[in-house]
Chemist: 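Sharing a structure below in structure tokens format, with a few things to ask.
Positions are given from 1, in the same order as the sequence printed here. Note that ligands are numbered from 1 as they come in the structure, with each ligand's atoms numbered from 1 the same way.
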Amino acid sequence: MATTRTRSLLAAAAAGVCAVALGTGLGELTATLAVPSSSPFAVVGGALIDAAPPWAKDLAIALFGTADKIALLIGIALVMGLVAAAAGILETRRPPWGAVIGALLGGVGAIVAMTRTDAGTFAWLPAVVAGVAAAVAMRLLARLAARAYPPPAAVPAGPDSAGASPPETATPMSRGVDRRGFLAWSTAAAAVGAIGLVIGNAARAGVQAATTVRDALRLPTPAKPAPAVPAAAELGLPDLSPVITPNTAFYRIDTALVTPQIDPAEWSLRIHGMVDREVTITWDELIALPLEESHTTLTCVSNSIGGNLIGNALWLGYPIRELLARAGVSPDADMVLSHSIDGFSASTPLEALTDDRNSILAVGMNGEPLPVEHGFPVRMVVPGLYGYVSATKWVVELEVTRFDRAQAYWTTRGWSARGPVKLQSRIEVPRRSQVVDAGDAVIAGMAWHQHVGVGGVEVRVDDGEWMPATLAAAISDDTWVQWSIPWTAEPGGHTITCRATSAAGDVQTEERTSPAPDGATGWHTIQVTVA
Ligand SMILES: Nc1nc2c(c(=O)[nH]1)N[C@H]1C(S)=C(S)[C@@H](COP(=O)(O)O)O[C@H]1N2
Ligand SMILES: [Mo]
């Protein structure tokens with residue numbers, strides 16, 4: 001009896017999962033064909049990201065790093081799988097409630113899709129297709145499941161048991177036919193769903209218009225090239241981060257599950273708010289301006305001590321200061337709220353955009369147009385501030401305002417309104433838990449305090465004295481800097497700690513704080529074994 005019951009439950013659950021898989025696949029396919037920005041997975045994921053409290057963002061990044069998006073999608077798929085299994089069981093026991101749940105999933109998806117900032121008129125369509133397909137398939141597959149693997153109460157009574165005769169008497173042979181039928185139909189549903197998902201996603205990658213346009217694009221040569229990188233900026237240690245991060249290795253953090261696809265020909269930036277006159281600039285106008293190159297290190301506020309949400313690139317762009325001057329900023333304004341096309345926003349103190357630092361509307365990254373996931377065609381780069389208050393990718397609007405009048409995306413979620421980068425240093429050589437050969441060794445790493453500069457780094461082994469490390473040449477105060485120090489490694493376990501001093505003379509604080517609300521502090525410490 002137990003096995004009959006278990007099998008019947010499993011079959012019903014499988015019916016539910018296959019039905020929802022079919023719906024999801026058809027929904028994704030519909031999205032690709034008709035409304036690419038409203039893929040059900042992407043809109044639900046996007047809404048979850050927007051709804052997530054600050055600790056959840058931190059946790060996701062701590063657990064999965066820059067793979068947080070994949071983790072989220074897998075999480076959504078798992079939850080949907082569980083709901084689908086439960087709905088399948090419900091449909092065999094209390095029809096049509098399982099199908100109703102399938103339809104509701106689609107309904108919720110449609111509502112979420114319509115409330116996204118970038119929702120088009122037909123944003124609801126993919127989720128509705130998904131819901132209808134899931135509900136219909138749920139009805140049919142659950143019925144087949146119930147016939148092939150009836151729940152114990154419905155199993156026909158034996159010949160000598162009294163009681164009602166079963167309405168449909170199943171012979172062993174017809175039961176076999178039922179089981180093969182159920183297997184065939186549920187497999188078909190799941191397969192169509194999987195094919196829909198795969199084709200949907202592959203085709204969407206193919207229609208990623210921005211990539212095609214980007215590949216064909218040639219950026220103008222800079223009117224003001226960056227000063228040459230000093231040869232002594234690179235210590236030449238193989239295991240140390242290169243001082244300029246290749247685009248493919250550059251960390252990526254954003255709330256965009258589907259990267260916005262912007263055709264530069266259709267891009268424009270509007271400057272408005274507390275200005276004398278609104279200014280709108282198109283792509284052609286922007287790249288016709290005298291563009292400047294500068295090296296700036298970007299850091300994420302969520303970077304934990306020793307973390308790798310940091311990178312340094314050669315950016316090409318136009319000073320935001322000049323564009324703000326065209327618009328004429330009101331003397332009462334103290335903030336610029338930059339908006340991306342997908343609803344993200346960042347609050348940048350006005351002075352960081354109007355003083356003499358290299359705050360730019362960037363179009364180039366390490367000699368190429370911005371990669372799509374790093375903000376193609378245009379993003380902001382502001383030396384000295386964490387990305388969440390300054391580095392808006394896919395930027396389309398600069399709203400001149402005041403901190404007491406407007407809040408940015410992460411500020412409404414508990415993060416600090418202003419985010420100057422904190423003085424930090426990390427050890428990269430040796431690696432944490434590495435086994436080091438006894439004798440002559442090297443300890444090396446990176447230090448940064450953008451727009452202030454790094455004055456020095458000290459290293460301590462176990463409870464020894466702080467020893468000054470050698471700094472490589474800095475590209476500028478806006479970039480990170482390599483450091484190293486020779487070490488005679490004695491056999492045994494050792495704890496290595498580093499701390500930086502800023503160019504202004506401040507010493508990196510030992511006090512450990514978490515990234516929220518305005519960036520982590522504390523010393524980076526690693527344990528190694530010398531053999
Ligand atoms: N449109 C948009 N821009 C954004 C974000 C975002 O979520 N959406 N995230 C910001 C954050 S938190 C950081 S740390 C930087 C990261 O830039 P990168 O992905 O190019 O490294 O982008 C910023 N710009
Ligand atoms: Mo960030």
Side-chain angles (χ1 to χ4, degrees), residues 37 42 45-46 48-50 52 54 57-58 60-62 65-69 72 116-118 210 244-262 267 269 296-304 307-315 317 336-348 359-366 368-398 408-416 418-422 424 448 450 480 515-520:
S37 61
L48 287 175
I49 292 174
D50 290 349
K57 179 202 182 199
D58 256 14
I61 289 176
T66 49
D68 54 345
K69 294 188 177 60
L72 177 68
R116 305 296 296 152
T117 37
D118 50 353
I244 295 180
T245 315
N247 290 353
T248 48
F250 208 96
Y251 82 97
R252 172 190 171 196
I253 292 289
D254 55 58
T255 60
L257 268 181
V258 177
T259 47
Q261 302 293 309
I262 304 178
W267 177 89
L269 176 89
T296 294
T297 298
L298 275 190
T299 317
C300 183
V301 67
S302 297
N303 195 34
S304 50
N308 52 18
L309 301 180
I310 178 167
N312 183 45
L314 172 66
W315 307 96
V336 171
L337 192 63
S338 50
H339 298 266
S340 72
I341 201 165
D342 66 343
F344 171 87
S345 58
S347 52
T348 312
S359 297
I360 56 169
L361 275 185
V363 296
M365 183 176 182
N366 291 329
E368 293 174 19
L370 293 177
V372 175
E373 61 275 21
H374 293 290
F376 181 82
V378 184
R379 77 173 303 167
M380 284 173 52
V381 174
V382 179
L385 304 179
Y386 287 121
Y388 83 108
V389 289
S390 69
T392 304
K393 306 191 267 189
W394 314 291
V395 66
V396 290
E397 222 182 282
L398 301 184
Y409 184 94
W410 285 112
T411 311
T412 58
R413 289 159 177 83
W415 294 76
S416 172
R418 296 164 198 258
V421 174
K422 294 181 178 173
Q424 270 299 338
W448 57 91
Q450 289 93 305
W480 62 2
D518 62 358

Chemist: Gln261 side chain to Thr259 main-chain N or O, any donor-acceptor pair under 3.5 Å?
Modeler: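 Side chain of Gln261 to backbone of Thr259, a donor-acceptor pair under 3.5 Å: yes, one is there.
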Chemist: For atom 24 (N) of ligand 1, what's the nearest protein heavy-atom neighbour? Residue, atom name and distance, please.
Modeler: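 Scanning the protein heavy atoms, the shortest distance from atom 24 (N) of ligand 1 goes to Ala391 O, 3.0 Å.
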Chemist: With a heavy-atom distance limit of 4.0 Å, tell me whether Tyr386 approaches ligand 1 through its side chain, its backbone, both, or neither.
Modeler: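 Contact part for Tyr386 vs ligand 1: neither.
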Chemist: Between Asp518 and Lys422, does any NZ, NE, NH1 or NH2 come within less than 4.0 Å of an OD or OE carboxylate oxygen?
Modeler: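 Here Lys422 pairs with Asp518 in a salt bridge, since their nearest N and O are under 4.0 Å apart.
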Chemist: Which ligand 1 atoms, with their elements, are less than 4.0 angstrom from a heavy-atom of Asp342?
Modeler: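 Taking each heavy atom of Asp342 in turn, ligand 1 has 1 (N) under 4.0 Å.
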Chemist: Thinking salt bridges, do Arg116 and Asp342 make one under a 4.0 Å N-O criterion?
Modeler: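 Asp342 and Arg116: not salt-bridged.
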Chemist: Under 4.0 Å, heavy-atom basis, I'd like to know which part of Val301 is in contact with ligand 1: side chain, backbone, both or neither.
Modeler: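 The answer is neither.
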Chemist: Determine whether any heavy atom of Ala256 lies closer than 4.0 Å to an atom of ligand 1.
Modeler: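 The answer is no: ligand 1 sits nowhere under 4.0 Å from a heavy atom of Ala256.
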Chemist: Which atoms of ligand 1 have any heavy atom of Cys300 under 4.0 Å away?
Modeler: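 What qualifies from ligand 1 is 14 (S).
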Chemist: Among all protein heavy atoms, pick the one closest to atom 21 (O) of ligand 1 and tell me residue, atom and distance.
Modeler: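 For this ligand atom, the closest protein heavy atom is Tyr251 O, 2.7 Å.
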Chemist: Please write down residue, atom name and distance for the protein heavy atom closest to atom 8 (N) of ligand 1.
Modeler: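 Closest protein heavy atom to atom 8 (N) of ligand 1: Phe344 CG, 3.2 Å.
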Chemist: Is a side-chain donor or acceptor of Thr392 paired with a backbone partner of His339 at a separation under 3.5 angstrom?
Modeler: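 Judged by distance alone, no pair lies under 3.5 Å.
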Chemist: Pick one of side chain, backbone, both or neither for how Trp394 approaches ligand 1, counting any non-hydrogen atom pair under 4.0 Å.
Modeler: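 Just the side chain.
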Chemist: Measure from NZ or CZ of Arg252 to the centre of the six-membered ring of Phe250, then state whether that distance is under 6.0 Å and the direction lies within 45° of the axis.
Modeler: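 Output no; distance or angle outside limits.
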Chemist: For the backbone of Thr411 and the side chain of Tyr388, can you confirm whether one donor and one acceptor N or O come within less than 3.5 Å of each other?
Modeler: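 Checking the backbone N and O of Thr411 against the side chain of Tyr388, no donor-acceptor pair under 3.5 Å is found.
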Chemist: Evaluate Arg379 for polar contact with ligand 1, using N/O atom pairs at a separation under 3.5 Å.
Modeler: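 There is such a contact, yes.
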Chemist: List every atom of ligand 1 that sits less than 4.0 Å from any heavy atom of Phe250, numbering the atoms from 1 in the order shown and giving each element.
Modeler: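 Answer, ordered by atom number: 21 (O).
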Chemist: Quick test: of every protein heavy atom, which one is nearest to atom 3 (N) of ligand 1, and how far off is it to 0.1 Å?
Modeler: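 The protein heavy atom lying closest is Lys393 N, 3.0 Å.
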Chemist: Report the part of Ser340 (side chain from C-beta onward, or backbone N, CA, C, O) that has a heavy atom under 4.0 Å from ligand 1; answer both or neither where that applies.
Modeler: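 For Ser340, only side-chain atoms sit under 4.0 Å from ligand 1.
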Chemist: Looking only at protein heavy atoms, identify the closest one to atom 9 (N) of ligand 1 and say how far it is in Å.
Modeler: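 Looking at atom 9 (N) of ligand 1, the protein heavy atom closest to it is Ile253 O, 3.3 Å.
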Chemist: Between Trp480 (side chain only) and Thr297 (backbone N and O only), is there a donor and an acceptor less than 3.5 Å apart?
Modeler: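 Checked: no pair found.
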Chemist: How are the rings of Trp410 and Trp415 set relative to one another: parallel (under 30°), tilted (30 to 60°) or perpendicular (over 60°)?
Modeler: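 Perpendicular.
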Chemist: Tell me: protein heavy atom nearest atom 7 (O) of ligand 1, and distance?
Modeler: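 The closest heavy atom on the protein side is Thr255 N, 2.8 Å.
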